[in-house]
J.: 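The following block contains the structure, expressed as structure tokens.
Keep in mind that the numbers below use all heavy atoms, side chains included, and drop hydrogens, waters and symmetry copies.
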Amino acid sequence: MRKNRISSKLSFIISSITAMIFVGYFGYKGFIVYFVQKTMDDTFVGGSSSDITVTLWFAMSAAMALPMLLFFQFIKLKDLKSQSTILKGMFVGWAGICAALIIFIPSYIYFVILTAVASVVSLVSSLTLKDEIIKQLDKKETLSEKEIYL
């Protein structure tokens, strides 16, 4: 039986792309709401309307931009244990977002599928990395020069 193997680098890239899609969507919605609001202010009574919806869309866009940038930085990590910890956190995060989308907004099926794929890729990548860590520990039976000296 062949095991599925997904590198941690691929998982970070897929998570970055997923977060990038969310940033683009939230930014798009923010601009649409902003322009609709400005049009309504100019067309109707002329009163000032609430900017909270526009602010929330742009805040969600900015909130997803930070993890996107972090995922790109995580690609540079060399420590396998750190990568494993981050991948487990990514799995929990994407699975939580997927569950929240299923519960609260089931009509956004593409986002549900996108987050489910990112979650599964993170899980498989974490399991692959766990096997690599075990192989690396089995291979290392003797102490290095530095470890002996310490």
Side-chain angles (χ1 to χ4, degrees), residues 1-38 49-150:
M1 184 167 125
R2 183 178 168 263
K3 283 188 173 183
N4 293 331
R5 297 186 131 345
I6 297 177
S7 70
S8 59
K9 184 177 180 178
L10 179 65
S11 178
F12 292 139
I13 290 171
I14 288 174
S15 291
S16 297
I17 291 170
T18 302
M20 198 178 306
I21 290 170
F22 274 101
V23 168
Y25 178 74
F26 293 151
Y28 165 76
K29 287 293 234 182
F31 279 115
I32 295 297
V33 169
Y34 173 76
F35 289 125
V36 166
Q37 178 189 21
K38 289 300 174 193
S49 59
S50 174
D51 291 333
I52 191 70
T53 306
V54 176
T55 306
L56 286 175
W57 279 112
F58 285 129
M60 288 190 312
S61 180
M64 287 304 289
L66 178 64
M68 177 190 69
L69 296 173
L70 286 175
F71 292 146
F72 281 125
Q73 292 299 317
F74 291 153
I75 293 171
K76 299 176 185 176
L77 281 177
K78 301 294 181 201
D79 184 35
L80 297 180
K81 289 185 180 181
S82 298
Q83 285 181 4
S84 177
T85 303
I86 291 169
L87 286 171
K88 289 175 187 173
M90 284 172 43
F91 167 69
V92 170
W94 287 125
I97 292 172
C98 183
L101 284 172
I102 290 171
I103 293 169
F104 296 115
I105 316 171
S107 62
Y108 285 5
I109 190 70
Y110 294 116
F111 284 125
V112 171
I113 292 170
L114 189 64
T115 56
V117 166
S119 177
V120 169
V121 167
S122 296
L123 178 65
V124 172
S125 180
S126 175
L127 295 175
T128 300
L129 201 56
K130 183 179 175 183
D131 292 340
E132 287 180 26
I133 291 171
I134 291 171
K135 286 179 185 177
Q136 188 181 42
L137 289 175
D138 288 343
K139 193 169 100 175
K140 182 182 176 183
E141 294 176 7
T142 61
L143 297 174
S144 68
E145 295 285 332
K146 263 189 184 177
E147 292 171 337
I148 291 172
Y149 180 72
L150 292 175

J.: Find the distance between CD1 (Ile14) and OG1 (Thr18) and round it off to the nearest 0.5 Å.
T.: 7.0 Å
J.: First locate atom CG of Leu114, then atom OG of Ser119, and finally report the distance between them rounded to the nearest 0.5 Å.
T.: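 With rounding to 0.5 Å, CG (Leu114) is 11.5 Å from OG (Ser119).
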J.: Stepwise, does the side-chain contact (heavy atoms from CB on, under 4.5 Å) test hold for Ile21 with Phe111?
T.: CA-CA 9 Å; Ile21 290 170; Phe111 284 125; 4.0 Å; yes
J.: How long is the straight-line distance from CE of Met90 back to CG of Leu123, given to the nearest 0.5 Å?
T.: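 Leu123 atom CG to Met90 atom CE measures 11.0 Å (nearest 0.5 Å).
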J.: Is the Phe31 ring parallel, tilted or perpendicular to the Phe58 ring (thresholds 30°, 60°)?
T.: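 Geometry flag for Phe58 against Phe31: perpendicular rings.
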J.: To the nearest 0.5 Å, what is the distance between CE (Met20) and CG (Leu69)?
T.: 8.5 Å
J.: For the atom pair NZ (Lys130) and CD1 (Ile133), what is the distance rounded to the nearest 0.5 Å?
T.: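 Nearest 0.5 Å value for the NZ-CD1 distance: 9.5 Å.
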J.: Hey, are Tyr110 and Tyr25 close enough side-chain-wise for a donor-acceptor pair under 3.5 Å?
T.: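 No, no side-chain donor-acceptor pair sits under 3.5 Å.
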J.: With side chains defined as the heavy atoms from C-beta onward, is the minimum distance between Leu101 and Pro106 less than 4.5 Å?
T.: no
J.: side-chain contact (heavy atoms from CB on, under 4.5 Å), that's the test. Do Ser126 and Phe91 meet it? Break it down for me.
T.: CA-CA 9 Å; Ser126 175; Phe91 167 69; over 6 Å; no
J.: Between Ser84 (side chain only) and Leu80 (backbone N and O only), is there a donor and an acceptor less than 3.5 Å apart?
T.: no
J.: Could you pull out the closest heavy-atom pair between Leu10 and Ile6, with the gap in Å?
T.: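 Heavy atoms only, the tightest pair is CD2-CG2, 3.7 Å.
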J.: Taking the side chain as every heavy atom from C-beta outward, state whether Trp94 and Val117 have any atom pair closer than 4.5 Å.
T.: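 No, every pair of side-chain atoms sits at 4.5 Å or beyond.
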J.: Any sub-3.5 Å donor-acceptor pair from Ser61's side-chain atoms to Trp57's backbone N or O?
T.: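 It does not hold such a pair.
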J.: Does atom OH (Tyr34) have a neighbourhood of more than 12 heavy atoms from anything else shown, all under 6.0 Å?
T.: no
J.: If you look at every heavy atom in Leu129 and Gln83, which pair is closest and at what distance?
T.: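 Smallest interatomic distance, heavy atoms only, reads CD2-CB, 3.3 Å.
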J.: What's the separation between atom CD1 in Ile52 and atom CD in Gln37, rounded to the nearest 0.5 Å?
T.: 11.0 Å
J.: Name the one of Ser15, Ser82, Ser125 that satisfies side-chain contact (heavy atoms from CB on, under 4.5 Å) with Leu87?
T.: Ser125
J.: Just by modelled atom types, is the Phe12 backbone N or O under 3.5 Å from a matching donor or acceptor in the Ser16 side chain?
T.: yes
J.: If every non-hydrogen atom of Ala63 is compared with every non-hydrogen atom of Pro67, which pair is closest and at what distance?
T.: O-CD, 2.8 Å
J.: Got a donor-acceptor contact below 3.5 angstrom from the Thr128 side chain to the Val124 backbone?
T.: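 Looks like yes, one N/O pair under 3.5 Å.
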